[in-house]
Amino acid sequence: MSSIIRPVKGTRDFYPDLMRKRTWLYDHMRRAAEAYGYQEWEAPIIETLELYAAKSGEELVKEQSFVFEDRGGNEVTLRPELTPSLARMIAQKSRELPKPIRWWSFGPFWRYERPQKGRTREFFQWNVDCLGTSSIVADAEIAAIAVQMLRNIGFTSDKLVVYVNSRQLMDRKIAELGVSDKDGKAAVLRMIDKIDKMSREKWHVYGEGLGLSSAQIEGLEALLGNKDLWQEAPELVEFFGVLENLGVRDWFEYNANIVRGLNYYTGVVMEGRDRAGDHRAIFGGGRYDNLVADVGGDAVTGVGFAMGDVVISLIAEEYGLVPQMASSSAQVLVTVFDAEHMPASLKLAKELRAGGLTVEIYPEAVKLAKQFKYGDKVGIPIGVVVGPDDLAAGTVAVKRFADRKQMNVAQTDAVDAIFELLNTNA
RNA sequence: GCGGUUGUAGCUCAGUUGGUUAGAGCGCUGGUUUGUGGUACCAGAUGUCGUGGGUUCGAGUCCCAUCUACCGCCCCA
C-alpha cells in the first residue's frame with residue numbers, strides 16, 4: 001500500500017464517481033453558456049511566462065505559478081488563468097472575428113499554492129467572456145450567465161449572492177481621498193481587499209503603513225460602509241437596470257469591499273459568494289478593456305468571469321444539489337445463464353444495441369444472483385435473462401430492478417418492451 | 001513560507017494509566033435459496049497500527065524525526 005507511487009500534491013484523481021460530478025457541472029455550464037449563444041473554445045495549457053508577467057497579479061506569477069524551463073531553455077508556465085490566453089488569441093484575429101465575440105471554455109488550471117478547503121493545485125475552471133463591445137449589457141449578460149448556471153443546478157438567491165463594484169468608481173473615490181499615483185491606488189485596493197480579514201485596529205495600522213493619514217483611512221472606511229455608493233457610478237446604475245430586465249436582479253448586491261485581485265480589471269467587478277460566508281469565492285470576474293492591447297493587439301474591450309470547480313462543488317454538495325447518478329451508462333444488463341448460453345447472451349446484447357439501447361453484458365457465467373446484484377449496484381435499470389426455457393420459447397425475461405417488475409417477451413419485441421419499461425415509472 | 005490537527009481492515013472509526021492472540025459497523029465471500037438483486041438470519045476472509053529511530057522487560061498507545069492528508073495564516077486569477 002504505502003509503496004504505491006503518490007499523485008502530485010494538490011491534484012485530484014477523477015475516479016468515475018468524481019468524474020460524473022465534474023461532467024454534471026460541465027453540462028450545466030455548457031447549457032448556461034449556450035443558452036446565451038456562446039461558443040466553446042480552448043487554449044493551450046502551457047504558455048510563455050511573458051504572457052502573464054505584465055498583467056496578472058504579481059504574486060500569482062512570481063510565486064503561485066508552475067514555471068519551468070523547457071528543453072530549449074524557454075521559460076514556460078502551466079496556465080494559472082485563462083484570460084491572458086484569450087487576450088492573446090483575440091489579438092491575433094481581432095480584425096476577422098465578428099463582434100461581439102461570445103466564447104466559453106472549461107479546462108484545467110494550475111497554481112502552486114498550499115492545498116486547503118476549496119483550493120487545490122490543479123483545478124478546473126469555467127470561463128465565459130464577451131469581447132468587442134463596451135456596452136454594459138455585456139457586463140450584465142456575463143453576470144446573468146453565471147447566475148443562470150447556479151439556478152440550473154438548483155440554487156436560489158437566498159443561498160448565494162453576487163457582489164458587484166466598479167473599479168472606475170473606486171479609482172475616482174480613492175483619488176478624491178488624495179491618493180492619485182498608480183502604485184498608491186493599487187496598494188489601497190489591496191487594503192480594501194483585506195478589510196474583512198483583519199480587525200479594525202490592525203487595518204488602521206496597515207493603512208498607516210502605506211503612508212495614509214488617519215483622515216484618509218477614516219474616509220476610506222466611510223466609503224466602504226456606504227451601501228449607496230453605486231448610485232454615483234452611472235455604469236453600476238445601468239448594470240443593475242439591465243439585471244432587472246433580465247430577471248436576476250435579486251441575486252446581486254452592491255459591495256464596496258469587492259475589488260478583485262487581478263490588475264487588469266478596469267470597470268465592473270463581481271464576485272459570487274455563499275451568503276453564509278463559509279466558503280471562498282464561487283466565481284470572480286469583471287471588465288478588462290485594455291488587456292488585448294496589452295498583449296500587443298488592437299484595442300478590444302472585454303468582460304468575463306471564471307468559476308472554479310472546487311468551491312461550487314463543495315457548496316452544491318453541502319446543499320444536497322448533486323444528484324445521485326448511476327455508475328454504469330448502460331440501460332440494460334444482459335446476464336449469462338451458464339457457459340453454454342454465452343453465445344445467446346452475446347447475440348441478444350448485439351440486437352439490443354442495434355435497437356438503440358446501451359448494454360452491458362456480464363462477462364462470466366456466474367450465478368444469476370451475483371449478476372443481478374452487480375447490475376443493481378452499478379445502477380443499470382433493467383436486467384435480462386436468456387436461459388434454456390427462454391431460448392426454447394424464443395423469448396427473453398426482462399426485469400426492472402427498481403420494482404422487480406418482470407415479464408417474458410418475444411426476443412423480437414425485447415427492444416420495445418425495454419424502452420417501455422424505461423419510459424414508465426417504477 | 002508560518003501555526004495546528006491527522007494517519008489502525010477496502011471504507012468509517014473504536015482501542016482504558018503502556019501488558020500477552022488488535023476490535024466494531026459497513027462492504028466483501030459463501031450459505032439459508034442450483035432461473036433472479038435491494039431486507040433478514042448464519043458462517044468466513046482481510047491489517048508491515050503511515051514510515052524511520054528512541055525509551056521500556058514490554059509500544060497501536062510515550063518521545064524525536066519524517067512523509068501524507070486536512071484546517072487556519074499568507075496569497076488569491
Side-chain angles (χ1 to χ4, degrees), chain A residues 1-12 17 51-52 55-65 77-87 109-121 123 125-127 129 189-190 193-194 197-198 202 258-265 269-271 278-286 288 291 304-308 310-311 333 335-338 341 362 365-391 395-408 426:
Chain A
M1 272 301 283
S2 56
S3 63
I4 297 173
I5 295 170
R6 293 181 179 286
V8 172
K9 190 188 191 78
T11 60
R12 286 166 294 166
D17 280 349
L51 178 67
Y52 306 99
K55 278 291 175 176
S56 302
E58 226 175 87
E59 174 97 15
L60 169 59
V61 178
K62 283 186 183 161
E63 293 171 35
Q64 296 185 339
S65 291
T77 177
L78 292 176
R79 60 185 190 185
E81 58 156 334
L82 188 64
T83 315
S85 299
L86 172 65
F109 295 85
W110 292 266
R111 292 178 200 165
Y112 196 82
E113 341 174 70
R114 180 82 58 131
Q116 283 173 40
K117 190 178 184 185
R119 197 169 68 179
T120 56
R121 285 185 173 180
F123 57 97
Q125 209 175 52
W126 179 40
N127 281 261
D129 293 273
L189 287 180
R190 276 199 297 280
D193 201 42
K194 288 178 193 301
K197 293 167 186 165
M198 41 178 90
K202 272 193 167 175
I258 302 300
V259 292
R260 303 301 298 163
L262 282 174
N263 292 341
Y264 52 64
Y265 287 132
V269 288
M270 60 189 97
E271 185 172 295
D278 295 334
H279 297 272
R280 296 164 191 282
I282 298 166
F283 71 91
Y288 47 89
L291 190 58
F305 72 85
M307 180 186 293
V310 183
V311 174
L333 175 71
T335 61
V336 180
F337 190 80
D338 57 26
H341 289 78
Y362 203 90
V366 297
K367 60 184 208 176
L368 285 173
K370 193 172 176 183
Q371 301 185 45
F372 271 69
K373 193 172 179 182
Y374 166 79
D376 189 44
K377 194 163 198 173
V378 299
I380 300 174
I382 306 278
V384 302
V385 181
V386 252
D389 300 347
D390 310 288
L391 212 52
T395 62
V396 295
V398 177
K399 179 169 189 171
R400 179 162 62 189
F401 289 126
D403 59 351
R404 312 188 126 186
K405 179 174 178 167
Q406 179 166 335
M407 48 184 157
N408 291 305

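Naming convention: chains lettered A, B, ... in sequence-line order (proteins, then strands); numbering from 1 in each chain. These values consider heavy atoms only, across backbone and side chains, with no hydrogens, waters or symmetry-generated copies.
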- prompt: So, does the side chain of Q371(A) form a donor-acceptor pair with the base of U36(B) at under 3.5 Å?
  reply: no

query: Looking at P80(A) and R111(A), what are the two nearest heavy atoms and their distance?
result: O-NE, 3.2 Å

field: base_contact_polar (C75(B) base, R119(A) side chain, donor-acceptor, <3.5 Å)
entry: yes

- prompt: Just checking R114(A): base, sugar-phosphate only, or nothing, at a heavy-atom cut-off of under 4.0 Å?
  reply: base

query: For N408(A), which of D389(A), D390(A), V385(A) qualifies under side chain to side chain contact (heavy atoms under 4.5 Å, CB included)?
result: D390(A)

Pairing partner (Watson-Crick or G-U wobble, both distances under 3.5 angstrom) of G1(B): C73(B)

message: What is the distance, to the nearest angstrom, from the CD1 atom on I380(A) to the P atom on U36(B)?
response: 19 Å

query: Between C2(B) atom P and Q116(A) atom CD, what is the distance in whole Å?
result: 15 Å

query: Rounded to the nearest Å, what distance is computed from the NE2 atom of residue H341(A) to the P atom of nucleotide G35(B)?
result: 12 Å

- prompt: K194(A) has an atom NZ; how far is it from atom C1' of C73(B), in whole Å?
  reply: 11 Å

- request: Choose from G38(B), C28(B), G35(B) the nucleotide whose nearest atom is closest to any side-chain atom of K377(A).
  value: C28(B)

- request: Taking atom P in both G37(B) and A14(B), compute the distance separating them and give it to the nearest angstrom.
  value: 36 Å

- line: note: R404(A), atom CZ; G37(B), atom P; distance rounded to Å ~ 6 Å

task: Identify whether any heavy atom of F109(A) sits under 4.0 Å from a base atom; if not, whether one sits that close to sugar-phosphate; answer base, sugar-phosphate or nothing.
output: nothing

- line: Side-chain contact check for Q406(A): nearest option of U36(B), C28(B), C76(B) is U36(B)

- line: Taken to the nearest whole Å, CG/D390(A) to P/G35(B) is 12 Å

- prompt: With nearest nucleotides of RNA chain B determined for N408(A) and F123(A) from heavy-atom distances, which residue corresponds to the more 5′ nucleotide?
  reply: N408(A)

task: Check every strand shown and say whether A397(A) touches a base, only sugar-phosphate, or nothing at a heavy-atom separation below 4.0 Å.
output: base

- prompt: Does the side chain of Q125(A) come under 3.5 Å of the side chain of R79(A) through a donor N or O and an acceptor N or O?
  reply: no

message: Taking the C1' atom in each of U29(B) and U68(B), what is the distance between them to the nearest angstrom?
response: 32 Å

field: Span that lies between the P atom of U46(B) and that of A24(B), in whole angstrom
entry: 13 Å

What's touching nucleotides 29-34 of chain B from the protein side, N or O pairs under 3.5 Å?
{"unit_1": "G31(B)", "atom_1": "OP2", "unit_2": "K367(A)", "atom_2": "NZ", "d": "2.7"}

message: Assuming nearest nucleotide by heavy-atom distance, tell me which of V386(A) and A306(A) is located more 5' along RNA chain B.
response: V386(A)

field: Rounded interatomic separation in angstrom, taking CZ from R260(A) and P from C75(B)
entry: 15 Å

- prompt: For the side chain of K399(A) and the base of G37(B), is some donor closer than 3.5 Å to an acceptor across the two?
  reply: yes

- prompt: Which base, if any, makes a Watson-Crick or G-U wobble pair with G25(B), both distances under 3.5 Å?
  reply: C11(B)

- prompt: Rounding to a whole Å, what distance do you find between K117(A):NZ and U5(B):C1'?
  reply: 15 Å

